[in-house]
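Atoms considered below: every heavy atom in the structure, side chains included; atoms not considered: hydrogens, waters and symmetry mates. In this text the structure is predicted, and so the values were computed from the model without any measurement. Chain letters run A, B, ... following the sequence lines, proteins first and then strands; every chain starts at 1.
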Protein chains: 2
Amino acid sequence: MNTQREINDFFNTGYKRYVPHVSIDCAIFGYHERQLKILLINIKSVEGMCLPGGYIKRTETLTEAAGRIVEERTGIKNLFLQQFKTFGDPGRATVRGMDEKKLSKIFGVRIEKNNWIMDQTISIGFYAITDFSQVKPKPDFMSEFCKWYDIDQLPHLLFDHDEMVKEALHTMRLQLYHYPIGINLLPEKFTLTEIHALYETLLGKKLDIRNFPKKLMFLGVIKKLNEKINIGPHRSPFLYKFDKVKYNKALKEGIILD
Amino acid sequence: MNTQREINDFFNTGYKRYVPHVSIDCAIFGYHERQLKILLINIKSVEGMCLPGGYIKRTETLTEAAGRIVEERTGIKNLFLQQFKTFGDPGRATVRGMDEKKLSKIFGVRIEKNNWIMDQTISIGFYAITDFSQVKPKPDFMSEFCKWYDIDQLPHLLFDHDEMVKEALHTMRLQLYHYPIGINLLPEKFTLTEIHALYETLLGKKLDIRNFPKKLMFLGVIKKLNEKINIGPHRSPFLYKFDKVKYNKALKEGIILD
DNA sequence: CTTTATTTGGTAAATTTTACAAAATAGTAT
DNA sequence: ATACTATTTTGTAAAATTTACCAAATAAAG
């Protein structure tokens, strides 16, 4: 979706390839060294930022569509994706003063009255987590910027995206002990200190260092290796890795704790 | 939606009033005296049953639309409603052999090729709970039957509605101790035995009668009255009622237990 | 007053969660 | 070698929560 031809096709025949009236918005969380960020984009000639989103191809499942949208912005495939809520209040996505005329001007294509893109849209929220240090965010054709923002220094977002972020965070934190979140966020082999920092950051609170390993090991998705890593003039920590078999099982079924 | 005129309007101009490509399906659970049922409908001249559903008016929020759909089938207003998941796999709602011609015949109205109703639809799942003994199910114009089915004697359902029921049950059971579910299912004043039976039935498992009241009272949404009820040649049980103030607070905010 | 059926309240045991500190170790400096 | 610094690692007691389990109270009928 870069050439003028493609943009024209999107506006004028997109409704044939995509399901109109429905979009997906993605809260893409980024973690790295005790920092939690979220990926935001803008919309050309609209003041303010919002979550990246997109439409669903008529051949895709919802999760496939969300995966494609996330990949388009981050370049990363196969991220852990979870649906968290669907948003559909009337007027939730209207931009004051935006119309087909303005759109035509902004995108340099002819956009007729009643273009499919201007109609009411219901949006399905997904969240994903990746390592922001490995991601060079790519704006979509509708936006100029695509950047990581610190989770506790977010500006007010457009549309109902403030609420989306709140719900995404809430769901992610609820699911942290029920789904195997962490692969892609840590090196293949990692120390307890590293995964401890990850969980503290994602949850936004302190976790007792002596109790954390017990709880974590109890989940059963990571295993201790008989290897240590050299970290300079300190005791060498053991390495751990995710147990692929149990990890994939947990991905499908969730981790039942109750 | 009963007259031929209204049906004609629905098929031919419905896309103006409703958001096309998006529907809501409702898992309406019914409880009464230790029995858990679910409301199913059929579709005219289609073999099999499914969840009742409908479209979203362009002026409605998702929850308002779900409330209207539930009210249309049950006659009950203001039921507790929760969104549980959105379903959108391609082909999820196709009926083998159904086309505009057949539809025209079934409903006795002229339905053109590419009618909005035949296009791919993504469906938002909501669940609700009511007392089935107080409900006379009303079929919609698309169906002949609308009946209560025992939850553990369900037939295979059309479309992806087997999965919907599974997800709805799962979410309802998860939320049972986090939202005040129960008003409308019990008389205004009720005994511990009655609410105990309700919880056992909704959860599908035994709950210790001596521990149950502690947990329940801890939630804080019901209060003990200084009244007893006569139940024949047995000790008279105390009556309880829901604490309206705390109940409504819990409705909005949920009951935080962790 | 005895019997029957049901409600009601309490406590010990088991389990889970929380709180908390000292020993081990790898390298560096002396 | 030895001491020192910074970090990892490990165990246990207390507290809180959940679970298991029964006997006393009571309302009406015979």
[X] has an atom [atom1]; how far is it from atom [atom2] of [N], in whole Å?
{"X": "A/Leu207", "N": "C/dT17", "atom1": "CG", "atom2": "C1'", "value": "13 Å"}
{"X": "B/Lys215", "N": "D/dT17", "atom1": "NZ", "atom2": "C1'", "value": "10 Å"}
{"X": "B/Phe212", "N": "D/dT18", "atom1": "CZ", "atom2": "C1'", "value": "15 Å"}
{"X": "A/Lys206", "N": "C/dT18", "atom1": "NZ", "atom2": "P", "value": "17 Å"}
{"X": "B/Tyr177", "N": "D/dT17", "atom1": "OH", "atom2": "C1'", "value": "14 Å"}

Notebook entry, point to check: Do the ring centers of B/Phe242 and B/Phe190 come within less than 6.0 Å of each other?
Noted result: yes
Protein N or O to nucleotides 4-10 of chain C N or O, pairs below 3.5 Å:
{"residue": "C/dA5", "atom": "O4'", "partner": "B/His234", "partner atom": "ND1", "Å": "3.2"}
{"residue": "C/dA5", "atom": "O3'", "partner": "B/His234", "partner atom": "NE2", "Å": "3.4"}
{"residue": "C/dT7", "atom": "OP1", "partner": "B/Thr193", "partner atom": "OG1", "Å": "2.7"}
{"residue": "C/dT7", "atom": "O2", "partner": "B/Arg235", "partner atom": "NH1", "Å": "2.9"}
{"residue": "C/dT8", "atom": "OP1", "partner": "B/Phe238", "partner atom": "N", "Å": "2.5"}
{"residue": "C/dG9", "atom": "OP1", "partner": "B/Lys224", "partner atom": "NZ", "Å": "2.9"}

Check: Do A/Glu167 and A/Tyr127 have side-chain N/O donor and acceptor atoms under 3.5 Å apart?
Finding: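 On atom types as modelled, these side chains do not qualify, holding no pair under 3.5 Å.
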Margin query: Donor-acceptor pair, distance only, cut-off 3.5 Å: does the side chain of B/Arg92 make one with the backbone of A/Thr61?
Written below: no
Margin query: One pair to check against side-chain hydrogen bond (donor to acceptor under 3.5 Å, both in side chains): A/Ser23 and A/Ser123. What are the steps and the verdict?
Written below: CA-CA 5 Å; A/Ser23 65; A/Ser123 188; 3.1 Å; yes
Notebook entry, point to check: NZ of B/Lys166: more than 12 outside heavy atoms within 6.0 angstrom?
Noted result: no
Margin query: Tell me whether A/Glu33 at atom CD has more than 12 heavy atoms from other residues, nucleotides or ligands lying less than 6.0 Å away.
Written below: no
Next item on the list: Compute both the distance and the angle, then confirm whether B/Lys37 meets the cation-pi test with B/Tyr31: under 6.0 Å from the six-membered ring centre, within 45 degrees of the axis.
Entry: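 Checked: cation-pi criterion not met.
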Item checked: Overall bend - the helix from C/dC1-D/dG30 to C/dT30-D/dA1, comparing terminal axes fitted on five pairs, nearest 10 degrees ->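 End-to-end axis angle for the helix from C/dC1-D/dG30 to C/dT30-D/dA1: 30°, rounded to 10°.
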Next item on the list: Classify the ring geometry between A/His196 and A/Phe212 as parallel (under 30°), tilted (30 to 60°) or perpendicular (over 60°).
Entry: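 Judged by the thresholds at 30° and 60°, the geometry between A/His196 and A/Phe212 is tilted.
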